[in-house]
Structure formats: C-alpha cells, structure tokens
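Quick notes on the structure that follows.
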Amino acid sequence: MRIMGLDYGSVTVGVAISDELLITAQGIETIHRKQENKLRQTLARIEELIKVYDVERIVLGYPKNMNNTIGERAIKSEEFAERLRNRTGLEVILWDERLTTVAAHQILDLGDVKVKDRKKVVDKIAAVLILQGYLDLLSQQRENREDSE
C-alpha cells in the first residue's frame with residue numbers, strides 16, 4: 001500500500017507518494033491549472049497517479065488559521081476532499097498543514113534554490129512535509145502498540 005499526500009492550492013496541487021513500507025514521502029510533481037475552480041483535469045491527473053502508484057489513501061493538507069479556526073482556504077480544502085472521495089472512492093484524511101509552506105521555503109533556502117525556481121517545487125515539497133508528518137504519526141502509533149503488547 002502507498003499513501004498520497006496533496007498540498008492543494010488555488011492554482012497548483014503538490015503531490016507526494018509514500019514508499020511501500022510507509023516510512024518516507026517523495027515529491028512526485030506539481031499539478032498546475034489555469035483557474036482555481038477548474039478541477040476536472042487536476043482530478044483526472046490525481047486518479048492517474050493513484051493507479052500508477054497503487055495508492056490506497058490520500059492525506060490532504062488542511063490549512064487551518066494559526067488560531068485553529070477554519071478559514072476560506074480550509075473550506076475549499078474540505079470541498080476538494082469531498083470531490084476526491086467521490087471521484088476515487090478512497091479515504092481522504094485532512095492533515096493540519098500550518099506552516100508547511102513556510103518550512104518548504106526554509107528547506108529551499110538551505111538548498112540555495114533561486115527564487116525564480118522555487119515556484120516549481122515549493123508545493124511539491126509542502127506535499128512531502130504533509131505526508132511525512134502523517135507517516136511519522138503512523139510509525140509512532142505502531143511503536144506505541146508494540147510497546148504495549
């Protein structure tokens with residue numbers, strides 16, 4: 001089984017995929033669209049990637065406000081999650097993604113990536129951070145179960 005991580009933005013979707021052991025997340029691509037509400041091709045591409053990588057679950061970034069309230073972007077993510085569920089039949093988990101884009105930019109700073117090149121990869125890196133956070137939680141839960149047995 002593999003898990004897909006998505007960073008859903010107004011005109012891009014960063015995509016990451018887990019390894020089969022559910023230990024690490026790898027950035028796959030950034031899907032671009034011309035308009036925010038034009039999702040048909042985006043959803044079709046996500047479906048293709050689900051088949052290629054044999055994905056069984058999706059973790060979607062959930063951009064809560066810093067004070068833990070739900071804003072416009074989070075509502076749009078909830079709507080996108082519902083479309084994903086309906087279209088793919090897969091479980092879609094909303095994952096708190098506060099500060100993942102900031103962290104992605106910090107990673108790019110460390111890698112000396114030029115500002116003009118960042119737009120190409122920042123969403124993909126944010127998707128990796130979202131998915132890796134979820135994979136780390138799964139790993140911790142497995143360890144806790146093993147410790148209690």
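Because the structure is predicted, anything quoted here is derived from the model rather than measured.
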message = So, using side-chain contact (heavy atoms from CB on, under 4.5 Å) as the criterion, who are the partners of Gln140 when residues are at least two apart?
response =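 Gln140 satisfies side-chain contact (heavy atoms from CB on, under 4.5 Å) with Leu137, Asn144 only.
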inquiry  = Applying side-chain contact (heavy atoms from CB on, under 4.5 Å), can you list everything that pairs with Ala16, at least two apart in sequence or on another chain?
reply    = Ala127, Val128, Leu131
So how far is it from [X] [atom1] to [Y] [atom2], rounded to the nearest 0.5 Å?
X      : Y      : atom1 : atom2 : result
Ile17  : Thr24  : CD1   : OG1   : 11.5 Å
Ser18  : Gln132 : OG    : CD    : 9.5 Å
Ile130 : Tyr8   : CD1   : OH    : 13.5 Å
Gln141 : Leu138 : CD    : CG    : 6.0 Å
Arg40  : Arg33  : CZ    : CZ    : 13.5 Å

ask   = Quick one: ring-ring contact (aromatic ring centres under 6.0 Å, His included) pairs with a partner in residues 33-52, sequence neighbours left out?
value = none
ask   = Which residue pairs satisfy the ring-ring contact (aromatic ring centres under 6.0 Å, His included) criterion with at least one member in residues 124-149, sequence neighbours excluded?
value = Trp95-Tyr134
task = Starting from Leu21, walk the hydrophobic network (Ile, Leu, Val, Met, Phe, Trp, Tyr; side-chain heavy atoms closer than 4.5 Å) and list everyone else you reach, by chain and number.
result = Ile23
request  = Look at atom CD of Glu48 and say whether more than 12 heavy atoms of other residues, nucleotides or ligands are closer to it than 6.0 Å.
outcome  = yes
query = Around atom CD of Gln41, are there more than 12 heavy atoms of other residues, nucleotides or ligands at under 6.0 Å?
reply =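 Count not over threshold, so no.
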So, do [X] and [Y] sit near enough that their side-chain heavy atoms are less than 4.5 Å apart?
X     : Y      : answer
Val11 : His32  : no
Met4  : Val59  : no
Leu6  : Val15  : yes
Ile93 : Ile58  : no
Ile3  : Leu135 : yes

Report the residues that fulfil side-chain hydrogen bond (donor to acceptor under 3.5 Å, both in side chains) with [X], sequence neighbours left out, ordered by chain and then residue number.
X      : result
Glu78  : Tyr62
Glu143 : none
Ser139 : none

key: Contacts of type salt bridge (Lys or Arg N to Asp or Glu O under 4.0 Å), residue Arg73, not counting sequence neighbours   = Glu36
query = Under the salt bridge (charged side-chain N to carboxylate O under 4.0 Å, His left out) rule, what pairs show up with a residue in residues 9-32, not counting sequence neighbours?
reply =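 Those involving residues 9-32 are Arg2-Glu20, Glu29-Arg45.
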Run the side-chain donor-acceptor check on residues 82-92: report pairs under 3.5 Å with partners two or more places apart or on a different chain.
unit_1, atom_1, unit_2, atom_2, d
Glu82, OE1, Arg85, NH1, 3.3
Arg85, NH2, Val92, O, 2.9
Asn86, ND2, Glu82, O, 3.3
Arg87, NE, Glu47, OE1, 2.9
Arg87, NH2, Glu47, OE1, 3.1
Thr88, OG1, Leu84, O, 2.7
Thr88, OG1, Leu90, N, 3.1
Glu91, OE1, Arg57, NE, 3.3

request  = Report the C-alpha separation of Ser77 and Glu79 in whole Å, then their side-chain angles, then the decisive distance to 0.1 Å, and conclude whether the side-chain hydrogen bond (donor to acceptor under 3.5 Å, both in side chains) test is met.
outcome  = CA-CA 5 Å; Ser77 293; Glu79 293 166 355; over 6 Å; no
task = Check whether any side-chain N or O of Thr12 sits under 3.5 Å from a backbone N or O of Ile31 as a donor-acceptor pair, and report yes or no.
result =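 Checked: no pair found.
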key: ring pair (Phe, Tyr, Trp, His ring centres under 6.0 Å) involving Tyr53 - partner list, sequence neighbours excluded   =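 Result, ring pair (Phe, Tyr, Trp, His ring centres under 6.0 Å) vs Tyr53: none returned.
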query = Does Ile70 belong to the same Ile/Leu/Val/Met/Phe/Trp/Tyr cluster as Phe80, with side-chain heavy atoms less than 4.5 Å apart forming each link?
reply =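 Ile70 and Phe80: one cluster.
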